[in-house]
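For reference, positions follow the sequence shown, starting with 1. No experiment lies behind these values; they were computed from the predicted model shown.
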Amino acid sequence: KDVVEVSPKSLGFLVRNGMNISDVFRFGVPFRPGSLSSDQLNKEPLRQIFSTIFEKPIIVHNGLFDLMFLYQSFIGTLPTSLHNFLARCFDSFKKGVYDTKNIFNSMSNNDNGPSYLELVYHKLRRENN
């Protein structure tokens, strides 16, 4: 059986902000992690949405963990090495993966400096005004 783990703190936040938790379980979109190649799993609406998204370029900012989560949720078990993981990402995300943190760092010679997204936004906005 599927196990759902939730943080009481997160649920409290959602309820305080108007979410009806009963509706989440009654009307929520069903999802089970697994390979995109599974016919049974591919009938799930959320999986169909992500199958379409994976046909587009993937844009992230410092997104290694995000990519690992997407891979494990929709493609399969994570490879045991970073090298194999990256190789499989190139195979899985056909239109490419673009990390704006790496792009910013390489364009601004910012090898070890801070490059969180808000800083990048304000820095580029200042430069272009």
Side-chain angles (χ1 to χ4, degrees):
K1 296 218 172 204
D2 294 332
V3 175
V4 176
E5 290 184 27
V6 294
S7 159
K9 194 173 186 179
S10 297
L11 285 178
F13 169 82
L14 294 172
V15 169
R16 282 190 307 278
N17 287 282
M19 179 171 275
N20 183 334
I21 300 300
S22 297
D23 286 349
V24 171
F25 290 98
R26 192 173 32 220
F27 304 116
V29 178
F31 175 77
R32 287 176 308 238
S35 172
L36 283 173
S37 62
S38 169
D39 290 336
Q40 181 68 17
L41 293 175
N42 279 333
K43 294 178 183 171
E44 295 178 356
L46 189 59
R47 187 168 303 284
Q48 292 172 352
I49 292 168
F50 274 92
S51 292
T52 302
I53 290 172
F54 290 164
E55 295 171 4
K56 308 289 183 195
I58 306 294
I59 312 295
V60 296
H61 186 83
N62 198 23
L64 179 61
F65 290 122
D66 299 323
L67 291 174
M68 291 169 64
F69 175 79
L70 289 172
Y71 188 96
Q72 185 168 343
S73 296
F74 295 100
I75 297 167
T77 304
L78 286 171
T80 56
S81 74
L82 179 61
H83 177 76
N84 287 341
F85 171 69
L86 294 176
R88 291 188 184 169
C89 277
F90 286 117
D91 291 339
S92 301
F93 305 121
K94 301 287 187 208
K95 298 291 183 173
V97 176
Y98 302 91
D99 192 320
T100 56
K101 178 181 175 102
N102 291 333
I103 293 169
F104 172 77
N105 285 342
S106 66
M107 290 179 64
S108 64
N109 295 321
N110 186 38
D111 291 334
N112 293 315
S115 58
Y116 53 92
L117 197 53
E118 183 179 12
L119 175 77
V120 171
Y121 169 77
H122 288 294
K123 184 176 187 322
L124 293 174
R125 187 170 178 205
R126 235 186 357 261
E127 289 175 2
N128 291 309
N129 282 337

Of the non-hydrogen atoms in H61 and Y116, which two are nearest, and what is the gap between them? NE2-C, 3.7 Å
Quick one: pull up CG in L14 and NZ in K9 and give me the separation to the nearest 0.5 Å. 13.0 Å
Heavy-atom closest contact (D99 atom, G63 atom, distance): OD2-N, 3.1 Å
Take a 6.0 Å sphere around CZ of R125 and say whether it holds more than 12 heavy atoms from other residues, nucleotides or ligands. no
Run N20 and F27 through side-chain contact (heavy atoms from CB on, under 4.5 Å) and show every step you take. CA-CA 11 Å; N20 183 334; F27 304 116; over 6 Å; no
Residues T77 and Y71: closest non-hydrogen pair is O-CE2, 3.4 Å
Rounding to 0.5 Å, atoms CG (L11) and CZ (R16) come to a distance of 10.5 Å
Point-to-point distance, once rounded to the nearest 0.5 Å, from CZ of F54 to CG of L70: 4.5 Å
Side chains of N62 and L117 in contact at under 4.5 Å (non-hydrogen atoms): no
Under the criterion side-chain contact (heavy atoms from CB on, under 4.5 Å), I'd like the reasoning laid out for L82 against L64: C-alpha separation, chi angles, the key distance, then a yes or no. CA-CA 10 Å; L82 179 61; L64 179 61; 4.2 Å; yes
Closest contact, heavy atoms only, K95 versus K56: CB-C, 3.5 Å
Return yes if some donor-acceptor pair links the side-chain N/O of T100 with the main-chain N/O of V60 below 3.5 Å, else return no. yes
Shared ILVMFWY cluster between I59 and F69, side chains joined below 4.5 angstrom? no
Any Lys/Arg nitrogen of R88 or D91 sitting under 4.0 Å from an Asp/Glu carboxylate oxygen of the other? no
Can Y121 be reached from I103 by stepping across I, L, V, M, F, W or Y side chains whose heavy atoms are under 4.5 Å apart? no
Minimum-distance pair of heavy atoms, taken over all atoms of P79 and F85: CG-CA, 3.6 Å
E127 atom CD, neighbour heavy-atom count above 12 within 6.0 Å: yes
